[in-house]
> 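The structure follows.
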Amino acid sequence: MKKLTILYVLPLLLFILVFSGCSSGQSDPSSDQGHSGDKVTNEVNESNPSGDLAPLKEKATVVIAEDGSASGAGFYIANEKGYFEDYNIEVEFVQFANSDDMLPALAAGEIDIAGGVSTASFFNAIAQGIDVKIIADKGHNIKGDSYFSFVIRNDLKDEIEEYSDFKGKRIAVSSQNAVDDYIFHRMLEHAGLTEEDVEFVLMSDFGNMLASIGSGSVDAALQIEPLITQGIQEGIHTRFGDTTDYAPEAQIAMVLGAPDFIKEETNVSLRFMAAYLKGVRDYNDAFIKGEGTDEIIEIMTEYTALKDPNLWGEVAVTGLNPNGEMFIEDIKKQYKMYKNNGAIRGEIDFEKAIDTSITERAVEKIGKYEK
């Protein structure tokens, strides 16, 4: 009796296997649902609206924590130029009062994407078990044209000609155990100076730095755009050197992803990242290559606090890598500095915290950007 059962079942199993194989070979890339656990469909088809990946069959909403900073350019441009829409993705921008609230929301999946800046508190959150993924670049300095650099009082131009001339000077920096502090210390090392050689002035408000240099209460400041350009135009300060002189690969900000969004909602996250990188590429075309600049400036004035289109043509802009690549070793160096200062409790496994896989796959689909 058992032999008879096997004889009947085997042909049936073979039929099912053959039929299943034929079906999978004819799968439609547009059948992507983007639901948790879906297998990513990788087919690229020029007839798709995007020219590459098929749009999701069902509309997906991606929630982005973004405060209107210039480093969010990739999100804004992708949204305005329809790159998210091409994949049937709708984005929703939300704001948080501080990162202490944002990171737990990201880890819990209440938001999908956020921007993170290197600080001891950021690394502390990860070390204490907040599970977020560092996935792509969201801000670095462009060589010779940093948006985040030192300025000096105009009346000190003849006195401060080398970084070593900062010795004995009062220098305003916006934070301690954060990326500003890290940049400050890289400058001191480059100059052959120590903390004891200068007077560190903690000044959290960049606007106050401008006023303090104007009044002569500080000699130099680690300032940010557009206040660097504003101070030059008003004759208050002079830009001194460039951050890339001493920190050429400083990672200022990173795109962060919710763990489930990156690992489980892969159909959505892959397409989201492809759209984001297209926005970043348009940004680079505009500000690095000078192509389509007016259109991109119009978008940036809509989304950011810098509303003067003419000023956008003069300020040093945030560097954004068109392939999403980060200076990973520099992220680790920043962490090490904060750790050595006693500002971080616990340890970080960077093999888990940094996950660039979805970014790398997106570049595979849309092609590598050639600078």
Side-chain angles (χ1 to χ4, degrees), residues 117-120 139-253 315-316 318-319 327 329-344:
V117 178
S118 167
T119 65
H140 62 271
N141 285 309
I142 296 173
K143 184 174 178 57
D145 199 24
S146 300
Y147 77 103
F148 183 50
S149 208
F150 280 100
V151 295
I152 60 172
R153 281 177 15 213
N154 274 347
D155 61 321
L156 294 176
K157 284 190 292 185
D158 294 333
E159 185 177 339
I160 302 176
E161 297 180 338
E162 304 288 342
Y163 286 105
S164 57
D165 294 333
F166 277 119
K167 186 172 183 178
K169 298 298 186 286
R170 289 171 53 82
I171 304 176
V173 180
S174 68
S175 64
Q176 286 183 298
N177 290 313
V179 68
D180 313 54
D181 194 14
Y182 173 77
I183 295 294
F184 169 69
H185 279 85
R186 296 293 75 75
M187 184 278 291
L188 291 180
E189 289 177 6
H190 176 77
L193 302 175
T194 67
E195 293 179 24
E196 289 70 31
D197 290 324
V198 300
E199 184 175 347
F200 178 95
V201 180
L202 183 62
M203 193 174 294
S204 60
D205 189 295
F206 290 104
N208 287 343
M209 289 184 189
L210 199 64
S212 295
I213 283 189
S215 68
S217 60
V218 298
D219 303 311
L222 183 53
Q223 187 58 277
I224 196 167
E225 289 286 18
L227 295 179
I228 293 175
T229 298
Q230 180 184 332
I232 294 171
Q233 291 178 340
E234 295 177 3
I236 296 172
H237 61 222
T238 297
R239 185 186 180 100
F240 186 81
D242 190 80
T243 303
T244 57
D245 294 340
Y246 45 85
E249 296 185 344
Q251 188 66 50
I252 308 300
V315 300
T318 306
F327 297 119
E329 289 307 309
D330 191 72
I331 295 173
K332 295 176 181 178
K333 286 179 183 177
Q334 293 176 43
Y335 164 78
K336 185 177 180 180
M337 174 183 147
Y338 310 147
K339 181 78 171 175
N340 290 342
N341 289 346
I344 295 177

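Just so you know, these numbers use all the heavy atoms, side chains as well, and skip hydrogens, waters and symmetry mates. Here the structure is a predicted model, which is why all the values come from computation and not from measurement.
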> Only counting residues at least two apart or in another chain, list the ones meeting side chain to side chain contact (heavy atoms under 4.5 Å, CB included) with K167.
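If we apply the side chain to side chain contact (heavy atoms under 4.5 Å, CB included) test to K167, skipping adjacent residues, the hits are L193, D197.
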> Please list every donor-acceptor pair under 3.5 Å in which a side-chain atom of residues 200-213 meets a protein atom from a residue at least two apart or in another chain.
unit_1 : atom_1 : unit_2 : atom_2 : d
D205   : OD1    : G207   : N      : 2.7
D205   : OD1    : N208   : N      : 3.0
S212   : OG     : N208   : O      : 2.8

> Taking only residues two or more places apart in sequence, or in another chain, which ones meet E196 in a side chain to side chain contact (heavy atoms under 4.5 Å, CB included)?
T194
> How about I252 and F327: do any of their side-chain heavy atoms sit closer than 4.5 Å?
no
> What residues form a salt bridge (Lys or Arg N to Asp or Glu O under 4.0 Å) with D180, not counting sequence neighbours?
none
> Determine which pairs satisfy salt bridge (Lys or Arg N to Asp or Glu O under 4.0 Å) with at least one residue from residues 221-244, sequence neighbours left out, and list them in order.
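Sorted pair list: R239-D242.
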> Taking ring-ring contact (aromatic ring centres under 6.0 Å, His included) as the definition, give me every residue that meets it alongside H237, ordered by chain and number, with sequence neighbours left out.
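Expected list: none.
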> Mind checking what makes salt bridge (Lys or Arg N to Asp or Glu O under 4.0 Å) contact with K157, not counting sequence neighbours?
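With neighbours one apart ignored, the set is empty.
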> Could you name each residue pair satisfying salt bridge (Lys or Arg N to Asp or Glu O under 4.0 Å) that touches residues 209-224, not counting sequence neighbours?
R153-D219
> Got a sec, which residues hit salt bridge (Lys or Arg N to Asp or Glu O under 4.0 Å) with E161, two or more places apart in sequence or on another chain?
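E161 satisfies salt bridge (Lys or Arg N to Asp or Glu O under 4.0 Å) with no residue once adjacent residues are dropped.
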> List in chain and number order the residues that pass ring-ring contact (aromatic ring centres under 6.0 Å, His included) with F166, two or more places apart in sequence or in another chain; answer none if no residue qualifies.
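So F166 forms a ring-ring contact (aromatic ring centres under 6.0 Å, His included) with F150, F240.
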> Check salt bridge (Lys or Arg N to Asp or Glu O under 4.0 Å) between K169 and all other residues, then give those that pass, not counting sequence neighbours.
E159
> Which residues pass the side chain to side chain contact (heavy atoms under 4.5 Å, CB included) test with E162, not counting sequence neighbours?
S164, D165
